[in-house]
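Notes follow the structure.
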Amino acid sequence: MKVGIFDSGLGGLTVVSAIQKVFKGADIFYIADTAYAPYGEKTPEQILERCDNITEYLLKKHGIEALIVACNTATSAAIVHLRNKFPFLILVGTEPGIKPAVLASKTSKIGVLATPSTLKGNKYQDLVNELASIKQVEIYEQACIGLVEQIEKGEIDSKKTFEMLEKWLSPMKNKNVDTIVLGCTHYPLVDSVIKKIMGKDVNLIETGNAIANRLLVLSSQKKHINEGNLNISVCYTGEINMKMIERILKNKNIEVRNCKI
Ligand code: DGL
């Protein structure tokens with residue numbers, strides 16, 4: 001099976017990393033749209049146009065049968081459009097794990113870290129409204145402006161990244177938040193910093209494993225045989241930090257190249 005996966009940059013590789021653990025017998029074509037990153041500070045129209053262009057590219061160039069939108073921001077802006085325009089594709093999007101967070105929290109206080117665009121989008125608002133019917137919880141939302149750029153630069157352990165996160169997370173810690181939704185696929189890359197601030201027992205909710213399992217279920221319905229090698233190639237539209245790719249995928253033999261989309 002040929003699978004296209006994209007994000008604005010390195011973040012979606014956290015999803016690829018989860019896929020690597022369960023999915024076999026496929027070619028993965030990953031697009032890091034770094035020329036247009038960060039998506040989270042763009043308008044929904046601008047994001048939708050990029051999603052459309054990237055999907056067309058993956059279809060024409062690689063003949064993909066499945067597409068994973070490994071980005072909460074892009075899913076919020078474009079998944080409905082993509083489902084309508086490409087109904088023949090297996091399509092999996094990414095949504096903040098609000099429901100698992102509500103179920104995991106003992107203090108009924110959860111924090112949500114995401115991009116400004118995701119927090120403003122209807123998809124996120126719908127998820128939060130749905131949750132009101134499950135359990136009474138207090139939600140503390142934080143748009144993490146500038147965090148994606150820090151991660152793209154590979155500045156995981158820098159003082160600046162720590163201080164940014166500390167400013168956003170300390171108020172949550174003071175309110176007894178015990179569960180944090182990582183509502184952007186880049187943020188699992190700073191999980192160790194978040195734990196340093198919130199304490200090691202904080203529940204961090206990410207969605208890479210759920211997406212990988214969904215791909216497995218949907219592809220097996222299309223008769224995919226989950227055996228053999230998984231080949232991964234990475235294509236970036238602007239610039240990319242190679243060391244971060246190796247760090248995330250724990251593999252030095254990934255084909256990485258620049259492409260124009
Ligand atoms: N990784 C993306 C997400 O999950 C967006 C990052 C960006 O702002 O470009 O939302």
Side-chain angles (χ1 to χ4, degrees), residues 4-19 30-55 67-79 82 91-98 100-101 111-125 127-128 141-156 161 164-165 168 180-191 194 204-212 214 234-241 244-245 247-249 261:
I5 305 182
F6 75 91
D7 176 44
S8 62
L10 297 165
L13 291 177
T14 60
V15 176
V16 176
S17 163
I19 288 173
Y30 183 85
I31 309 278
D33 194 17
T34 49
Y36 293 83
Y39 281 175
E41 291 157 48
K42 302 225 158 24
T43 66
E45 294 74 23
Q46 288 169 319
I47 302 165
L48 190 142
E49 192 182 339
R50 288 308 296 159
C51 296
D52 190 276
N53 291 352
I54 291 169
T55 309
L67 177 71
I68 297 185
V69 183
C71 172
N72 296 263
T73 312
T75 300
S76 174
I79 199 83
L82 296 175
L91 192 47
V92 184
T94 310
E95 284 179 357
I98 305 288
V112 179
L113 307 182
T115 68
S117 183
T118 296
L119 291 176
K120 270 188 245 143
N122 293 338
K123 236 181 188 316
Y124 173 73
Q125 296 304 334
L127 278 175
V128 170
E141 292 159 2
Q142 180 64 55
C144 301
I145 296 172
L147 185 55
V148 163
E149 289 91 323
Q150 287 297 103
I151 295 168
E152 286 293 324
K153 282 189 273 181
E155 289 209 19
I156 307 296
T161 303
M164 286 166 102
L165 280 161
W168 295 321
I180 305 263
V181 176
L182 304 179
C184 167
T185 51
H186 280 74
Y187 301 168
L189 299 170
V190 287
D191 59 355
I194 297 174
L204 298 183
I205 309 291
E206 54 175 297
T207 42
N209 291 336
I211 294 170
R214 183 89 186 126
V234 173
C235 196
Y236 57 98
T237 58
E239 285 173 15
I240 203 140
N241 184 321
M244 284 296 288
I245 299 178
R247 180 171 169 165
I248 302 164
L249 297 182
I261 301 177

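Start at 1 and go down the list; that is how both ligands and their atoms are numbered.
- With a 4.5 Å cut-off on side-chain heavy atoms, Ser8 and Arg50 do not count as touching.
- For the pair Met164 and Glu155, the minimum side-chain heavy-atom distance is 4.5 Å or more.
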Side chain to side chain contact (heavy atoms under 4.5 Å, CB included) between Tyr39 and Asp33, intermediate numbers included: CA-CA 9 Å; Tyr39 281 175; Asp33 194 17; 2.6 Å; yes

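- At a threshold of 4.5 Å between non-hydrogen side-chain atoms, the residues Tyr124 and Ser76 do not count as touching.
- Heavy-atom contacts from other residues, nucleotides or ligands closer than 6.0 Å to CD of Gln125 number more than 12.
- Around ligand 1, the residues contributing at least one heavy atom under 4.0 Å from the ligand are Asp7, Ser8, Pro38, Tyr39, Gly40, Cys71, Asn72, Thr73, Thr115, Val148, Cys184, Thr185, His186.
- The number of heavy-atom neighbours closer than 6.0 Å to CD of Glu141, taken from other residues, nucleotides and ligands shown, is above 12.
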